[in-house]
Amino acid sequence: MDNNQNSDLKSASSSNGDFPGQTYELPGGGIIISSFTDIVNWARSNSLWPLTFATSCCGIEMMSVASSKYDFSRFGFEVARATPRQADVIIIAGTIVNKMAPVLKRLYDQMADPKYVVAMGACAISGGPFFYNTYSVVKGADHVIPVDVYIPGCPPRPEALLHALITLQQKIKSGLTREQIRAENLQP
Amino acid sequence: MTNEELKQHITAALPTAVFDETGEWLNVQAEAGAWKPFVQWLRNGPLNMDYLFCLTCIDWSATPTGKNVLTMVYHFTSTAARHTIVVKVKLDRTKPEIETVSDIWRTAEFLEREVFELFGVQFLHHPDLRRLILTDDFEGYPLRKDFEDPVNMIKL
Amino acid sequence: MFSLESITDSIQNWLYSTFNPTMALILECAIVMLLAIGLFAILGLVLVLMERKVAARMQIRLGPNRVGPKGMFQTAADTLKLIMKEGLTPDGADKFLFNLAPFVVMIAAMLVLAPIAFAKGFQIWDINIGVLYISAVSSVSVIGILMAGWASNNKYSLLGAMRSGAQIVSYELSAGLSIISIVVLSGSLSISDIIASQQTGWWLFRGHIPAIIAFVIFIIAVTAETNRAPFDLAEAESELTAGFHTEYSGMKFALFFLAEYINIFIVCAIGATLFLGGWMPLHIGHWQAFNHIMDYIPSSLWFLGKTFFLIFLIMWFRWTFPRLRIDQLLNLEWKYLLPISMFNLLLVTVIAIMGWYF
Amino acid sequence: MYRETQIINDSRKISSNGEDTGEGELVINVGPQHPATHGVLHLVITLQGETIQKVEPHLGYIHRSIEKMCESLSYRQFIYVTSRMDYLSSHINNHGCALCVEKGLQIEVPPRAQVIRVLMDELTRIASHELWWGAMAMDLGAFTPFFYAFRERETINDIMEETCGARLTMNYMVPGGVMYDIHPNFQKRVKDFIQLFRSKIDEYDDLVTGNIIFQNRTKGIGVLSKEDAISYGCSGPVARASGVHCDIRKLYPYEVYNKVEFDEILETAGDSFARYLVRVKELKQSVRIVEQLIDNIPDGDFQAKTKAVLKLPKGEFYSIVETARGELGVYIVSEGATTPYRIKFRSPGFSNLSALDHLSRGHKIGDLMAIMGTLDLVIPDIDR
């Protein structure tokens, strides 16, 4: 990988380096993407199987994305697996409450690597309309599990969820999801 | 039946009942003492109140008058005769206790568990008075006015 | 008629001429194994994509069309992702059985491939008890499913495995009986003889009423045997999350996923061979000109066309019918399909003896 | 500032008292994350082989403390939290709250707003029954009806989006009327939808209702007698399937329901198929109501004049509306301040769920899915 390849990758990672939460300092340079991981990233991004996990109203918008009008099966997502073992991406559609947080954490642990998380809706980002004066709502799903893509909206439009999934695909292809950065051992 | 007839029937069964007709339906003030026979009479008596559609509790401690009062509110209606009454029972806030009605109306079983959890009202002879909604290790009764949870509750 | 026999014979002669016999035999087996695995890989990709496109067509949506031209590489991406995924083994699971189960199911699917005639003269192993071999080996896969259900130490998979055990064992009866009715008509167990006996017309048309009854029972029983809706109680999505393969992930799940589709191809191939004359072109009795035209279409196309038509039929069932309950499923087999297929067998033998078929 | 550590490290400690009890008995968790629960309902089921001995629901996995929160929201703000409670009949929930506030302040809602409100309620009811119909068929294993149901639902969503601005949680009802007037081509689009929808209902009948497997899976399953329905406090289609007269639009008609002519669907069998039939026939009734109203929407203003800050007088007010799931009661106790002193939402799903254990005893797991499908549970509506 010659140098300019690194530079635009570094610029690529710094451009959307606005990871929510703690940013990860890359020791000495960008990410080394060899051709094999390219193919694997292409495969992983094009076959993201969501877990059927919807807690409240955003779940209905997720269903309408699965239906014929917005149809995320065009991108190959429609194989929604009910067990966390075979799912790749967990779309947190709805509010996470204190009683549900350990369940969500256990589901996340049960999922096989590489796994990604999409926080859909204002409730999953920050507790949404239930931020003030609620004793039982977790104010944002990233208190429980690391999140890759956030979708604002209450509930977000189906196009917003499609846009988020495409963003997740690009992140996987460019190797910038939290999972990939933590997993790949980065040579300088 | 009009309110008048309801009032006569109820005073016949519960002489100590206090009535209040300001709201939409006839409000009946009863005590926790003679509660069970009164409720059984409501169900099997001439009023035939077979549909308990709302059972809840109000904590009056934030108001100047009701310093130590927790009121149980029961909304009854009869599907046959279509009349509705609201029965209120004042409970002492430090040790709220009342007989359960879940053996007469099966819907009360879940409603009473919810009130037990959120207000701390003890329902005597309830089949299984356990937590239904909150997490197992939740301390305090959240819907009481004096409930404080500095960790979770972000004040507006 | 254009036949692949010439190619296979020339390869065989070349092998035996250049190597000593044992070495040639080993090489031959290696070639056949490579061809079989290659067939499975391609079949897996094609059938999964076909299922998703057929499902999309019936559900008024588009189906995968973004990965590669018109979605062709979708299943390639899925398989590569599944290979690269972490294969979890739950700590409470019985490690040995847990890891063995997918391979047992896969091997059972591969074994049944041997006697099937893909084209004229293109058969791996033409044994004279082909049909008996098929029905015997096809019941091995239920052992793999029970192993998976038991080993993954999960209540859902145990329930799923028990259900699928009861289901497959009972549906093999009516499947076997409907196969026997064709064997009675054609008089021989070996696949090539059955196909040869359909020279003047397929058994479905020549055997008129009993053959049609046998065909319908065969399709129902075979849909149940491969755990496909409306009998998919083993991995009932809404009841048992994912049935017996709840705990499997990564490559092990890919094997189960692939084995299910290979099983569909295999049972449809058997159905096409027995009832629709395998690679035999459509001949109608004594219309020489018509038969001659039909012969120009290569025999492998005939075989694949019939098999994929039956596969489409089975996929059609999945997206139209709701699921049966476990006791309704077993009632259907023991109280309805079994008596009918037994009576049908009687009918077929009478017709075979009296010679009332075309 | 947050008990993060407590949550992360005790992820093992989930209140699962799922240990096996008697001999031969199997206790399984139809857990918080399950395709058939359509949300986060946690059922602990005790099984003897495949037949169910006991079903014990554990709630609270989506308890967002709405009643505590509403005590600090003003009378205009708390209405829109309710559309997050039963998100499939969000219009009707907001309508119930607006009615209660109007009853407190004795506001007279102009006739045009009344008709628009009833139109929106009935369209939401159709959309909610659509989604229920698709999800129910999917629970029983038929995947295709789900997509046909969503085709109609999307048309209604487009109509709603054009007028109210949102697809699912339309914050359109205001104490005193509706937020703004209907969109100019609202009437035309609703009429086109009615045209299209009439032919579609017959298509639904022969796709699912007429299907012999579906009938075998639902007939005689989960029978609820009339006395039990009343005693369990069931309301809406669940109670009407057992012959209980409980349609609030008929018993205590609000807005223009007394001027509209439609009939209350009643079945007597009380099993899952009866509950299914009640909802499918209700679709036709809702279409009839919309048809009668769409052509004669009276003109006039769409919102009554109300003060900026609403203060309900001291006392208690109770209003009942008929949502797609049953009877929603909004009970406001006010002390004369700008925020309510106490609010109680009588949720239909909560009482319908209490009958689940009684209904599913002795049935198989497959039947439990059929029963839960016909109860049409929306879990945030149960947990509040």
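Chain letters run A, B, ... following the sequence lines, proteins first and then strands; every chain starts at 1. Note that the structure is predicted; figures quoted are calculated from it, not measured. These numbers come from the heavy atoms of this one structure, side chains and all, not from hydrogens, waters or symmetry mates.
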Do the side-chain N and O atoms of C:Arg52 and A:Ser73 include a donor-acceptor pair separated by under 3.5 angstrom?
-> no
If we only count heavy atoms from C-beta on, is the A:Arg85 to C:Thr246 side-chain gap below 4.5 Å?
->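 Not touching, per the 4.5 Å side-chain cut-off.
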Taking side chain as C-beta onward, heavy atoms only, is A:Thr83 less than 4.5 Å from C:Phe253?
->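 A side-chain contact is absent here, since even the closest heavy-atom pair is not under 4.5 Å.
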What residue, out of C:Ile83, C:Asn65, C:Thr241, C:Thr79, has the most heavy-atom pairs lying under 4.5 Å from chain A?
-> C:Asn65
Decide, yes or no, whether a salt bridge links C:Lys85 with A:Asp113 under the criterion of side-chain N to carboxylate O below 4.0 Å.
-> no
More than 12 heavy atoms of other groups within 6.0 Å of [X] [atom1]:
{"X": "C:Phe309", "atom1": "CZ", "answer": "no"}
{"X": "C:Phe73", "atom1": "CZ", "answer": "no"}
{"X": "C:Trp150", "atom1": "CH2", "answer": "no"}
{"X": "C:Lys95", "atom1": "NZ", "answer": "yes"}

Portion of [X] that has a non-hydrogen atom of chain A nearer than 4.5 angstrom:
{"X": "C:Ile60", "result": "both"}
{"X": "C:Leu82", "result": "side chain"}
{"X": "C:Gln59", "result": "backbone"}
{"X": "C:Tyr156", "result": "neither"}
{"X": "C:Ala242", "result": "both"}

If I take atom [atom1] from residue [X] and atom [atom2] from residue [Y], how far apart are they, to the nearest 0.5 angstrom?
{"X": "C:Ser249", "Y": "A:Arg81", "atom1": "OG", "atom2": "CZ", "result": "11.5 Å"}
{"X": "C:Gln74", "Y": "A:Arg74", "atom1": "CD", "atom2": "CZ", "result": "12.5 Å"}
{"X": "A:Phe72", "Y": "C:Arg61", "atom1": "CZ", "atom2": "CZ", "result": "9.0 Å"}

Over all heavy atoms of both residues, which pair between [X] and [Y] is shortest? Give the atoms and the distance, please.
{"X": "C:Val67", "Y": "A:Trp42", "value": "CG1-CZ2, 3.6 Å"}
{"X": "C:Ala77", "Y": "A:Ala43", "value": "O-CB, 3.6 Å"}
{"X": "C:Tyr248", "Y": "A:Gln86", "value": "O-NE2, 2.8 Å"}

Side chain, backbone, both or neither: which part of A:Asn46 has an atom under 4.5 Å from a heavy atom of chain C?
-> both
Is it true that the NZ or CZ of C:Lys81 lies under 6.0 Å from the centre of A:Trp49's six-membered ring and within 45 degrees of the ring axis?
-> yes
